[in-house]
Protein chains: 2
Amino acid sequence: MAAQQARYRQVVAELRRTIAEDGYGSGGRLPSEKSLAEQFDVSRGTVRQALAVLRSDGVVTSRRGTRRVVLDNPPLQDFAELTNFARWARSLGEHPGGIVIHQEQRTATLEEQQYLRLAPGDEVLWVLRLRMLSGRPVMMERTAYPKSVGELVAQMPADADSVTDLLAAQGLLFADADHTIDLVLAGTQDAEHLGCAVGGPLLRERRRSTDPAGVPVEWSDDRYLPGTVAFSVHNSLGSSALTRRRTS
Amino acid sequence: MAAQQARYRQVVAELRRTIAEDGYGSGGRLPSEKSLAEQFDVSRGTVRQALAVLRSDGVVTSRRGTRRVVLDNPPLQDFAELTNFARWARSLGEHPGGIVIHQEQRTATLEEQQYLRLAPGDEVLWVLRLRMLSGRPVMMERTAYPKSVGELVAQMPADADSVTDLLAAQGLLFADADHTIDLVLAGTQDAEHLGCAVGGPLLRERRRSTDPAGVPVEWSDDRYLPGTVAFSVHNSLGSSALTRRRTS
DNA sequence: CAGTGGTCTAGACCACGGG
DNA sequence: CCGTGGTCTAGACCACTGC
């Protein structure tokens with residue numbers, strides 16, 4: 001079982017379960033915070049902490065004056081499933097695969113310096129990987145790791161299913177990530193390994209991940225074959241995680 | 001001035017300002033909650049409420065045992081800027097434009113029934129719009145509104161800059177939205193109006209928006225020309241707004 | 001007007017990080 | 001070990017919704 005001690009997290013889990021079982025009806029209304037507090041035998045503050053989680057996950061609404069309403073809730077993944085290709089693949093019932101095609105240690109480019117918060121002259125480990133779902137190529141991944149992280153990555157087998165898991169085993173956790181999603185055309189390298197035409201469209205996700213202390217640990221450019229993935233986001237008046245940008 | 005009464009929101013604003021001015025240094029650490037509470041003359045609870053906002057916006061980290069760290073914070077838009085094409089365009093210094101190409105009231109398709117939570121036989125207003133930035137076509141928008149909303153939309157001029165603003169003026173607010181981002185190939189309709197090749201790649205954002213009560217008010221399929229936009233998301237261990245899905 | 005969620009307080013104890 | 005953020009409580013008042 002996953003670590004789950006905080007009382008409010010238990011409340012989150014119980015509420016999620018009830019909602020999933022349609023306990024309040026689709027588009028139905030939750031009991032008041034007061035009655036939930038009595039039901040779970042916690043204070044209203046704890047109930048509100050739990051409800052804040054459901055709110056930010058887009059499971060329920062919240063408005064002064066009325067009870068909370070259950071939204072048609074999309075199945076949500078946790079953070080690990082997003083940052084971790086292998087775990088995601090398995091959750092789909094597919095077999096994850098990955099091959100390191102090229103790997104080198106070199107001085108960070110300007111872009112890498114910026115995203116990984118490095119000084120000029122600092123080194124990075126740059127890795128080019130092909131990712132597969134049950135043997136089918138789906139994604140080209142170009143990742144730059146700062147030197148300290150790179151030293152761990154470099155020791156991994158070239159066909160490691162999950163770099164993230166191996167890093168976690170070393171105590172290196174991913175806590176935050178910024179993602180930018182856009183469209184690019186396949187270069188010769190992409191085309192060769194993904195088996196698409198040069199100039200063919202790819203869905204790109206660029207990602208900068210940081211550890212719990214806020215130190216950047218990864219800067220990646222992932223390019224997916226069309227028709228293999230889509231990205232979903234929920235946001236609301238209170239918390240807008242999503243942003244539309246002009247392509248730079 | 002924007003409405004801003006809640007004390008914790010003022011604290012958010014002040015902290016944001018200080019951070020923006022590099023008051024704590026890049027990658028620097030915030031004062032403790034206790035000292036912030038004294039500084040702002042509020043309780044620790046209020047400070048924590050403010051910090052939670054900055055946390056979920058990806059501005060600062062949070063870990064037990066250490067002070068919060070300032071992340072390299074990407075400039076964030078508010079919710080309105082994402083849901084509102086015209087407002088977004090203006091924030092880029094561009095002139096927003098939109099033309100209704102086709103519009104019809106008809107019975108909802110199965111898909112529309114599902115996303116807008118309608119009953120079989122319910123009607124929707126379906127609108128096909130071309131969106132422009134300073135005269136250049138950038139996006140094809142196909143939106144279905146439930147009948148009640150559609151009646152408001154239908155009264156709007158065909159070249160209205162912002163449907164959202166006009167709806168807001170009628171008291172209809174957008175409070176929550178689910179977005180799915182993927183890649184599609186242009187159909188003949190897309191190609192004709194966007195001026196791209198049939199079969200050319202487009203970045204698609206599908207969106208379902210709901211009002212504060214959780215009632216769906218819009219279901220849209222927006223297709224952007226390559227190179228015009230990118231979407232950015234922040235997420236973290238605690239709140240995962242982003243999801244990677246297999247294309248369905 | 002009654003009920004609900006939003007805000008705020010003051011205090012308490014715990015778990016973790018780092019010296 | 002100390003300082004920090006994480007969790008939880010009990011109570012208060014306010015702003016809004018909807019009857």
Side-chain angles (χ1 to χ4, degrees), chain A residues 3-15 24 28-56 59-71 171-173 175-176 211-215 236-239, chain B residues 3-15 24 28-56 59-71 171-173 175-176 211-215 236-239:
Chain A
Q4 177 135 300
Q5 357 176 327
R7 190 73 182 92
Y8 82 90
R9 294 209 168 272
Q10 300 171 22
V11 174
V12 167
E14 294 207 45
L15 287 173
Y24 305 119
R29 283 149 80 224
L30 252 58
S32 71
E33 295 177 356
K34 185 161 169 287
S35 72
L36 285 173
E38 288 163 5
Q39 178 188 327
F40 290 112
D41 193 30
V42 296
S43 75
R44 190 182 157 214
T46 302
V47 167
R48 282 184 59 80
Q49 208 171 349
L51 289 170
V53 173
L54 297 178
R55 174 83 186 94
S56 91
V59 177
V60 300
T61 63
S62 64
R63 255 199 320 167
R64 225 189 306 235
T66 18
R67 294 217 183 144
R68 290 164 190 273
V69 172
V70 178
L71 291 170
L172 206 167
L173 296 176
D176 281 84
D211 72 7
V215 178
S236 61
L237 268 174
S239 76
Chain B
Q4 177 137 299
Q5 0 178 326
R7 190 74 182 88
Y8 80 91
R9 294 210 168 273
Q10 299 171 23
V11 174
V12 167
E14 294 207 44
L15 288 173
Y24 305 119
R29 284 149 79 226
L30 253 57
S32 70
E33 295 178 356
K34 186 161 170 288
S35 73
L36 285 174
E38 288 163 6
Q39 179 187 327
F40 291 113
D41 193 31
V42 296
S43 74
R44 188 180 159 216
T46 301
V47 167
R48 283 184 60 77
Q49 209 172 349
L51 290 170
V53 173
L54 297 178
R55 175 83 187 93
S56 91
V59 178
V60 299
T61 63
S62 65
R63 258 200 317 170
R64 223 188 312 233
T66 15
R67 295 218 181 143
R68 292 165 191 272
V69 172
V70 178
L71 292 170
L172 207 168
L173 296 176
D176 280 84
D211 72 7
V215 178
S236 63
L237 268 174
S239 76

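Since this is a predicted model, take the numbers as computed values, not measurements.
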By nearest heavy atom, map Y8(A) and G65(A) onto DNA chain D; which one lands nearer the 5' end? Y8(A)
Between the side chain of R7(B) and the main-chain N/O of F40(B), is any donor-acceptor distance below 3.5 Å? yes
Could you tell me how far apart R7(B) (CZ) and dA10(C) (P) are, to the nearest whole angstrom? 13 Å
Could you state the atom-to-atom distance from CG of L173(B) to P of dT17(D) in whole Å? 10 Å
Any chance you could measure D41(A), atom CG, to L36(A), atom CG, to the nearest 0.5 Å? 13.0 Å
Under a 4.0 Å heavy-atom cut-off, which of residues 36-50 of chain B touch DNA chain D? R44(B), R48(B)
From CG of L51(A) across to P of dT4(C) the rounded distance in Å is 14 Å
Find the distance R64(B):CZ to dC16(C):C1' and express it as a whole number of Å. 6 Å
Atom CZ of R9(B) and atom P of dG6(C): how far apart are they, to the nearest Å? 11 Å
Output for pair (R67(B) CZ, Y24(B) OH), nearest 0.5 Å, gives 10.5 Å
dG6(D) P sits how many Å from L30(B) CG, rounded? 12 Å
Closest non-hydrogen contact found for V69(B) with R29(B) is CG2-CG, 3.9 Å
Can you measure Q5(B) atom CD to dC13(D) atom C1' for me and round it to whole angstrom units? 14 Å
Compare the minimum distances between each of dT7(D), dG18(C), dT4(D) and the side chain of A6(A), then state the nucleotide with the smallest one. dT7(D)
What is the distance from atom CD of Q39(A) to atom OG of S32(A), rounded to the nearest 0.5 Å? 10.0 Å
Where Q5(B) and Q10(B) come nearest, the two heavy atoms and their spacing: O-NE2, 3.0 Å
Terminal axes of the helix from dC1(C)-dG18(D) to dG18(C)-dC1(D) (five pairs each): angle between them, nearest 10 degrees: 20°
How long is the line joining CZ of R67(A) and P of dG18(D), in whole Å? 13 Å
Rounding to 0.5 Å, atoms CG (L71(A)) and CZ (R55(A)) come to a distance of 7.5 Å
Locate the shortest heavy-atom distance separating V60(B) from L51(B); write the atom from each residue and the value. CG2-O, 4.4 Å
Quick check on dG6(C): is either OP1 or OP2 less than 4.0 Å from any side-chain nitrogen or oxygen of R68(A)? yes
Under 4.0 Å from OP1 or OP2 of dC16(C): is there any side-chain N or O of T66(B) that close? no
Note: L173(A) and P212(A) closest approach over all heavy atoms is O-CD, 3.4 Å
